Student: 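Sharing a structure, written as structure tokens. Questions coming.
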Number of protein chains: 2
Amino acid sequence: MNETEQNKQLEPTKSELEILQVLWEKGPSTVRMVNDELLKQKDVNYTTTLKLMQIMADKNILNRDESQMKHIYSVAEEEQRTKSHLLDKFVDSMYKGSASKLVMQLLGNKKTSDKELQEIKEILKKMEE
Amino acid sequence: MNETEQNKQLEPTKSELEILQVLWEKGPSTVRMVNDELLKQKDVNYTTTLKLMQIMADKNILNRDESQMKHIYSVAEEEQRTKSHLLDKFVDSMYKGSASKLVMQLLGNKKTSDKELQEIKEILKKMEE
DNA sequence: TCAAAGGTAGGAATATTTTCGTACGAAACA
DNA sequence: TGTTTCGTACGAAAATATTCCTACCTTTGA
């Protein structure tokens, strides 16, 4: 593995992201636990989830504890680091890297509630201190 | 086409998004113009871009003016509407719909410059008025 | 003890996305 | 006019991502 490959942040696919979200929410889990969560959102076969998680372990997106028969999977990179990277990519590609443009859109967005807006203001206020 | 299909917002794929970005930036364009822009970022064959744009026209992501030999493609839905939809999806999937969590991450992010930060504050200040 | 339930592994089938070869028509121009 | 350049259309190949079948092992419990 050369340096480029090492440093390249693997982009999770859509399905992989769904699995990451479960693990972020629930912490280290077995395939069964993850699959049960996914079943709440969509129809998915157990072995499909198993396979995906195996692939993710191969790619080092997940770590796997094989000491028990029921393997325990956990995320390899901390949640914030991964999310931060994905957010960066999003801002870069959608707003040419301008975070303020994104915030502007967010604020103009009907779906962003007044409560959210209030919270955003609070955050900024705190940063001033 | 039933109502569900009609209303379903077609998610552009990664490559389709690249093309949308060019069209957002440059306005209605021929395949040649779009391809020339893409070539600045990556290696891509003319017919590949043509094919993608044809597919996008089929999906009604793009409109096509065929009155000239060099067809002119333009985005079918306004830029802000599309971006807003994609941003919503992103916030939903990554931050469980919490816009303030996203902003928090943005502010904690090294890549968000002081200048950006300043601009974000300006926006909020203006909203108060 | 043996059948049922639940686990992993791996390959193959599908579905989706991306790329490009080829054919063929129109325009440009020597 | 002929040939080169530039355009579209279309199908198929290639690359990726997703799904699931099958085999086989371990645990559970009647």
Side-chain angles (χ1 to χ4, degrees), chain A residues 4-5 8-23 26 28-74 82 86 89 93, chain B residues 4-5 8-23 26 28-74 82 86 89 93:
Chain A
T4 315
E5 282 172 87
K8 180 166 66 181
Q9 189 126 9
L10 271 320
E11 307 295 348
T13 67
K14 223 181 132 207
S15 304
E16 288 174 348
L17 197 52
E18 286 175 353
I19 288 171
L20 281 180
Q21 272 147 9
V22 173
L23 291 172
K26 302 290 178 181
S29 307
T30 61
V31 174
R32 175 66 57 193
M33 293 191 280
V34 171
N35 190 241
D36 285 349
E37 282 304 311
L38 292 181
L39 281 172
K40 293 177 184 171
Q41 312 162 20
K42 63 169 189 178
D43 194 38
V44 60
N45 190 299
Y46 176 85
T47 58
T48 299
T49 304
L50 169 64
K51 181 64 157 192
L52 273 172
M53 290 175 74
Q54 285 170 340
I55 290 171
M56 291 168 83
D58 280 353
K59 293 193 200 169
N60 294 313
I61 294 177
L62 300 184
N63 292 132
R64 171 162 66 174
D65 174 356
E66 303 182 1
S67 64
Q68 312 296 321
M69 169 162 95
K70 303 184 185 183
H71 298 173
I72 306 287
Y73 290 80
S74 54
T82 304
L86 293 174
K89 258 199 38 192
S93 79
Chain B
T4 315
E5 282 172 88
K8 180 167 68 184
Q9 188 125 11
L10 270 321
E11 306 295 347
T13 66
K14 222 180 134 208
S15 304
E16 288 174 347
L17 196 53
E18 286 175 352
I19 288 171
L20 282 180
Q21 273 147 9
V22 173
L23 291 173
K26 302 290 179 181
S29 308
T30 62
V31 175
R32 174 67 58 196
M33 294 192 277
V34 171
N35 190 242
D36 284 350
E37 282 305 309
L38 293 181
L39 280 172
K40 293 176 185 172
Q41 312 162 20
K42 64 170 190 177
D43 195 38
V44 59
N45 190 300
Y46 176 85
T47 56
T48 299
T49 303
L50 169 65
K51 180 66 158 191
L52 274 171
M53 291 175 75
Q54 285 171 340
I55 289 170
M56 291 169 82
D58 280 354
K59 293 192 198 169
N60 295 313
I61 294 176
L62 300 183
N63 292 130
R64 172 162 66 174
D65 172 356
E66 304 182 1
S67 64
Q68 311 296 320
M69 168 162 93
K70 303 184 186 184
H71 298 172
I72 306 287
Y73 291 79
S74 53
T82 303
L86 293 174
K89 258 199 39 187
S93 79

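Here the structure is a predicted model, which means the values were calculated and not measured. Chain identifiers are assigned alphabetically (A, B, ...) following the order of the sequence lines, protein sequences preceding nucleic acid strands; residue numbering begins at 1 within each chain. Note that these values count all heavy atoms, side chains included, but never hydrogens, waters or copies made by symmetry.
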Student: Taking CG from A:Asp65 and C1' from C:dT8, how many angstroms apart are they, rounded to a whole number?
Tutor: 14 Å

Student: Can you measure A:Met56 atom CE to D:dT16 atom C1' for me and round it to whole angstrom units?
Tutor: 16 Å

Student: Heavy-atom count check: over 12 atoms from other residues, nucleotides or ligands less than 6.0 Å from B:Lys59 NZ?
Tutor: yes

Student: How far does CG of B:Leu62 sit from CG of B:Leu52, to the nearest 0.5 angstrom?
Tutor: 10.0 Å

Student: What pairs with B:Arg32 under salt bridge (Lys or Arg N to Asp or Glu O under 4.0 Å), at least two apart in sequence or on another chain?
Tutor: none

Student: For B:Asp58, is the CG atom crowded, meaning more than 12 foreign heavy atoms sit under 6.0 Å from it?
Tutor: yes

Student: Got a list of protein N/O to nucleotides 17-20 of chain C N/O distances below 3.5 Å?
Tutor:
from   : atom 1 : to      : atom 2 : distance (Å)
C:dT18 : OP1    : B:Ser15 : N      : 3.4
C:dT18 : OP1    : B:Ser15 : OG     : 3.0
C:dT18 : OP2    : B:Thr13 : OG1    : 2.5
C:dT18 : O5'    : B:Ser15 : OG     : 3.2

Student: Rounded to the Å, how far apart are A:Asn35 CG and C:dT8 P?
Tutor: 11 Å

Student: For a quick test of reading the model: is some side-chain N or O of A:Gln54 closer than 4.0 Å to OP1 or OP2 of C:dT8?
Tutor: no

Student: Going by heavy atoms in the side chains, are B:His71 and B:Met53 under 4.5 Å from each other?
Tutor: no

Student: Rounded to whole angstrom units, what separation is found between the CG atom of A:Leu50 and the P atom of D:dA23?
Tutor: 17 Å

Student: Nearest whole Å is fine: how far is C:dG10 C1' from A:Met53 CE?
Tutor: 17 Å

Student: A:Arg64 side chain N/O closer than 4.0 Å to the phosphate oxygens (OP1, OP2) of C:dA9?
Tutor: yes

Student: Between protein and nucleotides 2-7 of chain C, what N or O pairs are separated by less than 3.5 Å?
Tutor:
from  : atom 1 : to      : atom 2 : distance (Å)
C:dG7 : OP2    : A:Arg32 : NE     : 2.5
C:dG7 : OP2    : A:Arg32 : NH2    : 2.5

Student: Would the number of heavy atoms belonging to other residues, nucleotides or ligands and lying under 6.0 Å from CD of B:Gln68 be above 12?
Tutor: no

Student: Contact between A:Met33 and A:Val22 at the side-chain level, heavy atoms closer than 4.5 Å - yes or no?
Tutor: no

Student: Taking all non-hydrogen atoms of both residues, which atom of A:Tyr73 and which atom of A:Val31 are closest, and how far apart?
Tutor: CE1-CG2, 3.6 Å

